[in-house]
Amino acid sequence: MPIDLYYSKGSCPCQAIMLAARALGLELNLIEIHLSKMDHLKPEYLKMNPQHTIPTMNDNGYVLWESRAILGYLVDEYGKDDTLYPKDPKKRAVVNQRLYFDIGTLYPKYINYYYPVFYKGANADPAHIAAFQEPLELLEKFLEGERWVAGNDLTIADIALLTTVTIMKDVGYDVSKHPNVSRWLKMAKETLEGYEEIITEGNSIIIKIFKLVAERANK
């Protein structure tokens, strides 16, 4: 049976799960959650996930949320090998560090930009885009002499970070200032099945909403 994924198309964490599922050859039953309609606060959703976040996965009765936890679970449960999430303690620790870097350092910079626009109707603040530079300089250093963010192999850390960095680029940050990051983005785009369908189309929704909010705010 396919795995149920409660998701939103424009959500970076949701996009990461969908890309990982493609890489693993897994079938997902996609159930779209419309935050504007408060789908995530409906009783049946809260019963499943009291934190009311997306993505949420239901694997035939096993419910899990937080995208980075889901990524690790999917590889451990369904991976034909451990390349995407190595079992070797030292290699896995590097992957985990990069995942924690995404959730604790990089992704919050995007949230600082995103939340005032989506939840307060404010104009996008250019200072928030400028703030992307510091964590991306760190990512640039992580990639020095490395093919992927955690070594020679593509891992779930690449997938998680890719979705965050791509939306940062799509909302106006000049990633070309970071040659290692630019090279890595190009390689990931060429390597991961479903990039255009999942990331490009999903991010186009976000960009459209940003433009609509800006137009309303400037009237």
Side-chain angles (χ1 to χ4, degrees), residues 6-20 32-36 40 51-56 65-71 95-143 148-150 155-178 180-182 184-186 188-189 192 194-196 198-214 217:
Y6 297 81
Y7 84 115
S8 176
K9 291 179 181 178
S11 162
C12 301
C14 294
Q15 292 171 0
I17 302 305
M18 291 187 282
L19 285 172
E32 191 165 7
I33 296 296
H34 299 278
L35 301 180
S36 61
H40 61 304
Q51 234 178 317
H52 54 79
T53 54
I54 54 168
T56 294
W65 57 93
E66 170 44 53
S67 64
R68 295 148 193 90
I70 296 172
L71 288 170
V95 174
N96 286 339
Q97 186 277 324
R98 304 304 196 243
L99 289 170
Y100 299 154
F101 169 75
D102 183 38
I103 193 172
T105 301
L106 188 65
Y107 190 64
K109 295 291 186 182
Y110 171 64
I111 291 300
N112 288 342
Y113 174 78
Y114 169 96
Y115 267 57
V117 177
F118 275 69
Y119 295 104
K120 297 181 180 178
N123 274 327
D125 186 345
H128 287 150
I129 291 184
F132 298 165
Q133 180 164 336
E134 183 179 358
L136 284 172
E137 286 175 348
L138 290 170
L139 183 59
E140 179 76 3
K141 290 179 180 177
F142 296 162
L143 284 161
W148 298 99
V149 298
T155 68
I156 58 173
D158 292 284
I159 294 172
L161 284 161
L162 169 69
T163 61
T164 305
V165 175
T166 302
I167 191 61
M168 287 177 160
K169 175 180 67 69
D170 288 351
V171 298
Y173 184 78
D174 182 10
V175 178
S176 68
K177 294 187 290 186
H178 312 289
N180 292 332
V181 173
S182 297
W184 165 77
L185 276 177
K186 182 176 183 294
K189 182 177 180 179
L192 286 165
Y195 180 97
E196 293 293 338
I198 294 167
I199 295 186
T200 303
E201 290 184 19
N203 287 0
S204 70
I205 296 169
I206 298 295
I207 294 164
K208 182 178 180 180
I209 294 172
F210 270 108
K211 288 180 179 177
L212 288 173
V213 171

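Counting heavy atoms from C-beta outward, Ile167 and Thr163 have side chains that stay 4.5 Å or more apart. Taking the side chain as every heavy atom from C-beta outward, Ile54 and Leu35 approach each other to under 4.5 Å. Looking only at side-chain heavy atoms (C-beta outward), Phe101 and Val149 stay at 4.5 Å or farther from each other. Within the 4.5 Å cutoff, side-chain heavy atoms of Leu162 are placed close to those of Ile199. Between Asp170 and Ile206, the closest side-chain pair of non-hydrogen atoms is not below 4.5 Å.
Note: Thr53 OG1 to Ile33 CD1 = 10.5 Å, rounded to the nearest 0.5 Å. Separating the CD1 atom in Ile207 from the OG1 atom in Thr200 is a distance of 9.0 Å, to the nearest 0.5 Å. Atom CD1 of Ile70 sits about 8.0 Å away from atom SG of Cys14, to the nearest 0.5 Å. We find the CD1-SG distance between Ile159 and Cys12 to be 14.0 Å, quoted to the nearest 0.5 Å. How far CG of Leu138 is from CD of Glu140: 10.5 Å, rounded to the nearest 0.5 Å. Atom-to-atom distance recorded for Ile198:CD1 and Thr166:OG1 is 12.0 Å, nearest 0.5 angstrom.
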Verdict with supporting geometry, Leu106 and Met168, side chain to side chain contact (heavy atoms under 4.5 Å, CB included) = CA-CA 10 Å; Leu106 188 65; Met168 287 177 160; 3.6 Å; yes
inquiry  = Working note: Asp102 + Leu99, criterion side chain to side chain contact (heavy atoms under 4.5 Å, CB included); need CA distance, chi angles, decisive distance, verdict.
reply    = CA-CA 5 Å; Asp102 183 38; Leu99 289 170; 5.6 Å; no
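When all heavy atoms of Ser176 and Ser182 are compared, the closest pair comes out as CA-OG, 3.5 Å. Closest approach of Ile103 and Arg68 over heavy atoms only: CB-NE, 3.4 Å.
In this view, Glu134 satisfies the side chain to side chain contact (heavy atoms under 4.5 Å, CB included) rule with no residue, not counting sequence neighbours.
Taking the six-membered ring where the residue is Trp, the centroids of His178 and Tyr173 are separated by under 6.0 Å.
Between the side chain of Arg98 and the backbone N or O of Ala150 there is no donor-acceptor pair closer than 3.5 Å. Judged by distance alone, with hydrogens and angles left aside, the side-chain atoms of Gln15 form a donor-acceptor pair with the main-chain N or O of Lys9 at under 3.5 Å.
Within 6.0 Å of NZ on Lys177 lie more than 12 heavy atoms contributed by other residues, nucleotides or ligands.
Residues in residues 105-117 take part in no side-chain hydrogen bond (donor to acceptor under 3.5 Å, both in side chains) pair, two or more places apart or across chains.
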